[in-house]
Amino acid sequence: MRKRLKRLLPDHQTISANRWLRPFASTLLHPRLWHLNRHSAAGAVAVGLFCGLVPGPLQMLSAALFCVAFRVNLPLALLTTLYTNPITIVPLYVLAFGIGSLITGNGDIAFAPPPELASLNPATWISDLLAWTTSLGRPLFIGLVALAAGLSIVGYLCVRWSWRYWLLRQWAQRKARRARTGGAAPR
């Protein structure tokens, strides 16, 4: 598993040679941000899943800041934020709104579509859009935080458990190989 992930992710030298990242070299080139083990991978997936629901183009920036703060694998966290894309973002936000409505006790509020641009008067449309946004604001914000926290916890636990399962399976295979060869270590 580790070898597969290392092939997909950029290495330390590639990042240090990038001229755009050179001013941040002291922070971004910390060894723990590039080391891949079950702790850093699980933390990176959790950070990526949490920051994937950050609105707008701030997903990867927030993931990078969290990686620096928690010292988890940076490339894996940035890659994990890509689960939100133009196809998945709308269902995730509708789900977050539903979760937020349940948490805030506003279960009777339905997710209303945004106002249509029927009138050519921008002032009317902007005021309608502002009213629509504020009506969804609190449940959507609370739901996004709850969904992001839930996804990050589930992602963290899944990576830890799958890595442990893979490790136990490798140990069992090694033990079986040693039993077949009469205890001699393979070279």
Side-chain angles (χ1 to χ4, degrees), residues 1-18 20-22 24-54 58-96 98-99 102-103 143-187:
M1 182 191 272
R2 184 175 173 172
K3 290 178 186 175
R4 289 181 192 144
L5 284 175
K6 278 197 167 202
R7 277 192 306 234
L8 294 173
L9 303 174
D11 62 344
H12 192 275
Q13 288 76 22
T14 305
I15 300 301
S16 63
N18 188 323
W20 296 104
L21 298 177
R22 220 171 277 137
F24 309 107
S26 62
T27 304
L28 289 179
L29 296 179
H30 191 280
R32 288 187 62 193
L33 295 177
W34 302 97
H35 187 68
L36 190 60
N37 59 26
R38 68 177 173 220
H39 305 292
S40 68
V45 168
V47 164
L49 289 172
F50 188 85
C51 293
L53 287 175
V54 171
L58 301 175
Q59 295 172 340
M60 290 198 179
L61 178 63
S62 61
L65 292 175
F66 276 117
C67 285
V68 169
F70 295 125
R71 298 284 192 233
V72 295
N73 191 281
L74 178 66
L76 185 58
L78 296 179
L79 186 68
T80 306
T81 61
L82 298 177
Y83 78 97
T84 54
N85 55 54
I87 296 170
T88 62
I89 196 70
V90 172
L92 285 169
Y93 271 53
V94 170
L95 178 64
I99 292 170
L102 289 174
I103 292 173
L144 281 173
V145 172
L147 181 62
L151 285 174
S152 66
I153 290 169
V154 168
Y156 180 85
L157 293 175
C158 283
V159 170
R160 290 293 301 249
W161 289 336
S162 63
W163 199 298
R164 180 170 172 76
Y165 172 75
W166 178 82
L167 204 64
L168 291 174
R169 203 175 102 223
Q170 292 296 316
W171 286 346
Q173 288 175 354
R174 186 182 317 154
K175 185 178 178 182
R177 265 194 323 265
R178 286 183 180 166
R180 281 193 311 263
T181 60
R187 292 183 190 222

Is the shortest side-chain heavy-atom distance between V72 and H39 below 4.5 Å?
no
T84 vs L92 side-chain heavy atoms within contact, under 4.5 Å
yes
Just verifying a value: how many Å separate N73 CG and L33 CG, rounded to the nearest 0.5 Å?
8.0 Å
Using 0.5 Å steps for rounding, measure from the CG atom of L58 to the OG1 atom of T81.
11.5 Å
Looking only at heavy atoms, what is the nearest atom pair of I99 and A146, with distance?
CG2-CB, 4.0 Å
Under 3.5 Å, sequence neighbours excluded: what are the donor-acceptor pairs made by side chains of residues 64-71?
| residue | atom | partner | partner atom | Å |
| --- | --- | --- | --- | --- |
| R71 | NH1 | V68 | O | 3.2 |

Are the side chain of Q59 and the backbone of G52 linked by a donor-acceptor contact shorter than 3.5 Å?
yes
Checking the side chain of S40 only, and the main-chain atoms of H35 only, is there a donor and an acceptor separated by less than 3.5 Å?
yes
Heavy-atom closest contact (G155 atom, L49 atom, distance)
CA-CD1, 3.6 Å
Apply side-chain contact (heavy atoms from CB on, under 4.5 Å) to I87 and list each qualifying residue two or more places apart in sequence or on a separate chain.
N85
Would you name the heavy atoms of Y93 and V54 that are closest together and state the gap between them?
OH-C, 4.4 Å
Minimum heavy-atom separation for L53 to Y83, with atom names?
CG-OH, 3.3 Å
Closest non-hydrogen atom pair between V47 and A63, with its separation
CG1-O, 3.7 Å
Output the distance between atom OG1 (T88) and atom CG (L95), rounded to the nearest 0.5 Å.
11.5 Å
May I have all residue pairs that pass side chain to side chain donor-acceptor pair (under 3.5 Å) and include part of residues 145-156, sequence neighbours excluded?
Y156-R160
Could you tell me whether the side chain of R169 reaches within less than 4.5 Å of the side chain of Y165, counting heavy atoms only?
yes
Considering all heavy atoms, the nearest V159-V45 contact:
CG2-CG2, 3.7 Å
Nearest 0.5 Å, please: how far is CG in L78 from SG in C51?
9.5 Å
